[in-house]
Amino acid sequence: MKKTIYQLLNDVETDFGKYEQDELSVQEKDRHKQTVLREVKRMKNNKRKAWKIVAGTAAACAAMIGTVSLANPVFANEIFSSVFGSLVENARGSKYEKEDTDLYTKIGKNAEAVQEEAGKGEGDGYVTVMENNGVTISVSDVYCDGYVLYFTTTLKTEDEKLNQADGILARIMSEGNKGDGPAISIDGTQLAGYSERPFEKTKDGSFVAMNQIDLMSPADSSEKDVDLGIDSKETLVVNWDLSELSGYLWDQWDASGEYMQTGETKGQWNLRFPVTIDRSHNQTYAINKEDNGVRVKNAVKTKAGLVVEVELPDFTKAPYNDPYNDPDLAVKDKNGTCLQWMNQKTMQHDDGTATMQIMVLYDGEKDLSFEVTTKDEDQITLADIGFQIP
């Protein structure tokens with residue numbers, strides 16, 4: 001991967017200024033790990049950071065199986081079996097084994113089977129499995145607490161070239177142009193910027209993935225903030241449309257520095273599934289602690305995460321004097337270990353200050369701290385606020 005990134009960076013003019021440290025924070029590592037493939041393509045094409053989904057009219061017709069969990073239990077049992085187990089198995093031995101295993105395990109314990117979700121409604125046209133051109137794609141499990149939505153997916157194919165791949169990337173086609181990823185919408189509003197991971201090959205030959213949709217600060221297909229009305233809803237309907245699949249080898253590159261492609265197929269996979277927002281465990285705790293102009297206001301505990309709301313000063317001004325207004329932020333446990341980043345929302349104010357919500361993976365830790373440090377080589381602590389969650 002380094003070879004690819006460095007080749008692409010040769011064409012990018014960047015002034016790093018005082019950012020002399022090479023090591024990324026734990027939160028940044030997790031975010032970049034989830035989006036590295038799209039980031040590389042964006043750097044190469046000089047696109048803006050937010051991922052813009054190319055949407056348009058679907059052309060091909062597909063063979064629709066429908067909600068096979070209800071119609072064909074035997075086939076459904078094969079499709080939906082142990083997706084989280086396969087994800088955990090794939091994480092073993094990887095650089096981010098602990099982070100991925102923690103995330104998959106926590107979400108897996110609290111997720112709902114999508115076929116059960118689909119069984120709650122009648123006449124809604126839910127499609128949780130679809131086959132086209134010898135490729136079957138299914139949605140398996142869903143998790144939603146009102147702040148983030150995760151869903152697991154499985155891909156099985158008879159295509160020999162795709163089966164040779166380490167991973168498969170999905171895209172949407174529009175008017176003959178390739179998009180950066182699948183098109184996804186919630187309750188009819190098309191979204192951009194969701195965290196989509198490639199399908200990764202498992203031991204049994206199938207491919208699995210877990211994708212994330214940001215519900216804290218969603219943007220529409222034009223990259224404008226959109227209000228999905230999450231607070232007043234109990235159920236969301238997700239549409240996930242794909243029309244091109246490309247298989248890649250993660251440890252081989254072609255002459256241009258791109259991942260080696262094993263094969264490609266086109267078709268139409270249009271999945272539609274409901275998600276119940278589970279707020280049954282959401283609890284809010286007032287904190288109201290301050291240090292050096294940084295204040296932790298409150299925290300919301302959900303089934304899998306903790307959302308910490310903080311108020312941040314304008315770091316470009318004294319006594320901070322950070323020209324980038326971009327220090328490292330972290331929620332840590334009592335041992336000083338950073339809790340894994342899941343999502344965030346930033347509300348920038350006209351005076352340079354900001355209110356921020358940071359969601360981290362949470363496993364019942366009681367003694368926590370919110371730390372702000374500079375990103376330069378000195379890593380000066382600007383604020384360190386200890387707090388407890390009952």
Side-chain angles (χ1 to χ4, degrees), residues 58 60-90 104 107-108 110-121 124-144 149-159 162-163 165-172 181-186 194-213 235-247 265-276:
C61 292
M64 183 181 300
I65 295 179
T67 311
V68 299
S69 58
L70 303 178
N72 190 336
V74 176
F75 182 63
N77 193 39
E78 178 186 358
I79 288 290
F80 295 126
S81 61
S82 304
V83 177
F84 280 106
S86 296
L87 289 166
V88 170
E89 179 68 25
N90 276 4
Y104 296 143
I107 299 301
N110 295 286
E112 297 289 338
V114 77
Q115 65 267 38
E116 294 182 6
E117 291 282 287
K120 297 176 184 177
D124 291 305
Y126 297 137
V127 181
T128 60
V129 179
M130 180 171 281
E131 187 276 335
N132 191 211
N133 285 347
V135 178
T136 300
I137 298 177
S138 64
V139 178
S140 308
D141 311 275
V142 294
Y143 168 85
C144 181
L149 190 160
Y150 285 100
F151 63 98
T152 62
T153 55
T154 302
L155 183 153
K156 291 190 175 185
T157 180
E158 302 168 0
D159 188 300
L162 285 181
N163 272 324
D166 296 323
I168 296 175
L169 284 174
R171 298 184 180 90
I172 186 73
I184 196 157
S185 66
I186 290 182
Y194 87 101
S195 180
E196 170 251 339
R197 292 191 177 188
F199 292 97
E200 299 284 355
K201 194 168 190 176
T202 67
K203 285 185 176 180
D204 67 6
S206 64
F207 296 79
V208 295
M210 184 170 77
N211 304 313
Q212 174 186 335
I213 301 177
T235 302
L236 306 174
V237 177
V238 179
N239 283 77
W240 191 50
D241 300 323
L242 307 81
S243 58
E244 182 179 296
L245 303 170
S246 301
T265 190
K266 297 178 182 178
Q268 200 66 38
W269 299 268
N270 305 109
L271 302 176
R272 176 182 172 86
F273 54 96
V275 180
T276 298

Student: Could you measure the distance from the CG atom of Asp241 to the CE atom of Met130? Nearest 0.5 Å is fine.
Tutor: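 Here the interatomic distance stands at 9.0 Å.
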Student: Looking at CD1 of Ile107 and CZ of Phe84, how far apart are the two atoms once the value is rounded to the nearest 0.5 Å?
Tutor: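 Separation between the atoms: 7.0 Å.
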Student: For the CG atom of Asn133 and the OG atom of Ser243, what is their distance to the nearest 0.5 Å?
Tutor: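 Spacing of CG (Asn133) from OG (Ser243) equals 11.5 Å.
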Student: By the definition side chain to side chain contact (heavy atoms under 4.5 Å, CB included), identify the one residue from Asn239, Leu236, Val129, Val142 that meets it with Phe273.
Tutor: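 Running side chain to side chain contact (heavy atoms under 4.5 Å, CB included) over Asn239, Leu236, Val129, Val142 with Phe273 returns exactly one hit, Val142.
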Student: Please answer whether the main-chain N or O of Leu87 pairs with a side-chain N or O of Glu200 as donor and acceptor at a distance below 3.5 Å.
Tutor: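 Judged by distance alone, no pair lies under 3.5 Å.
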Student: If you look at every heavy atom in Arg197 and Ala209, which pair is closest and at what distance?
Tutor: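 For Arg197 and Ala209, the tightest heavy-atom pair comes out as O-CB, 3.7 Å.
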Student: Ala113 and Asp141: which non-hydrogen atoms are nearest, and at how many Å?
Tutor: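 In terms of heavy atoms, the two residues are closest at CA-OD1, 4.1 Å.
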Student: Determine whether a donor-acceptor pair (N or O, by modelled atom type, separation under 3.5 Å) exists between the side chain of Trp240 and the backbone of Val139.
Tutor: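 Side chain of Trp240 to backbone of Val139: no pair is present.
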Student: Are Leu245 and Thr157 packed together at the side-chain level, in the sense that at least one heavy-atom pair is separated by less than 4.5 angstrom?
Tutor: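 They are not in contact (no side-chain heavy atoms under 4.5 Å apart), so the answer is no.
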Student: Stepwise, does the side-chain contact (heavy atoms from CB on, under 4.5 Å) test hold for Asn211 with Thr153?
Tutor: CA-CA 8 Å; Asn211 304 313; Thr153 55; 3.9 Å; yes
Student: Return the orientation label for the Tyr150 and Tyr143 ring planes: parallel under 30°, perpendicular over 60°, tilted otherwise.
Tutor: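 Correct class here is tilted.
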Student: side-chain contact (heavy atoms from CB on, under 4.5 Å) for Phe207 and Leu162? Distances and angles first, verdict last.
Tutor: CA-CA 10 Å; Phe207 296 79; Leu162 285 181; 5.8 Å; no
Student: Are Val127 and Asn270 packed together at the side-chain level, in the sense that at least one heavy-atom pair is separated by less than 4.5 angstrom?
Tutor: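 Val127 does not reach Asn270 side chain to side chain.
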Student: Please report the shortest heavy-atom distance between Gly134 and Glu131, naming the atom on each side.
Tutor: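 Shortest heavy-atom separation between Gly134 and Glu131 comes out as N-OE2, 3.0 Å.
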Student: Applying the side chain to side chain contact (heavy atoms under 4.5 Å, CB included) criterion to Thr265, which one of Ile168, Asp159, Asn132 satisfies it?
Tutor: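 Exactly one candidate clears the test, Asp159.
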Student: So which atom in Pro274 and which in Val114 form the shortest heavy-atom distance, rounded to 0.1 Å?
Tutor: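 Result for this residue pair: O-CG2, 4.3 Å.
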Student: Might you point out which heavy atoms bring Gly247 and Ala165 nearest each other, and give the distance in Å?
Tutor: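 Here Gly247 and Ala165 meet closest at CA-CB, 3.6 Å.
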Student: Quick check for you: to the nearest 0.5 Å, what is the distance between Lys201 atom NZ and Asn163 atom CG?
Tutor: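 Nearest 0.5 Å value for the NZ-CG distance: 5.5 Å.
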Student: What distance separates Thr128 OG1 from Phe151 CZ, expressed to the nearest 0.5 Å?
Tutor: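 Output value for this atom pair is 13.0 Å.
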Student: Give the minimum heavy-atom separation between Ser140 and Gln115, together with the two atoms involved.
Tutor: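 Taking Ser140 first and Gln115 second, the nearest heavy atoms are O-OE1, 3.8 Å.
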Student: Could you tell me the separation between the CZ atom of Phe199 and the CG atom of Leu155, rounded to the nearest 0.5 Å?
Tutor: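 The CG atom of Leu155 is 5.0 Å from CZ of Phe199, to the nearest 0.5 Å.
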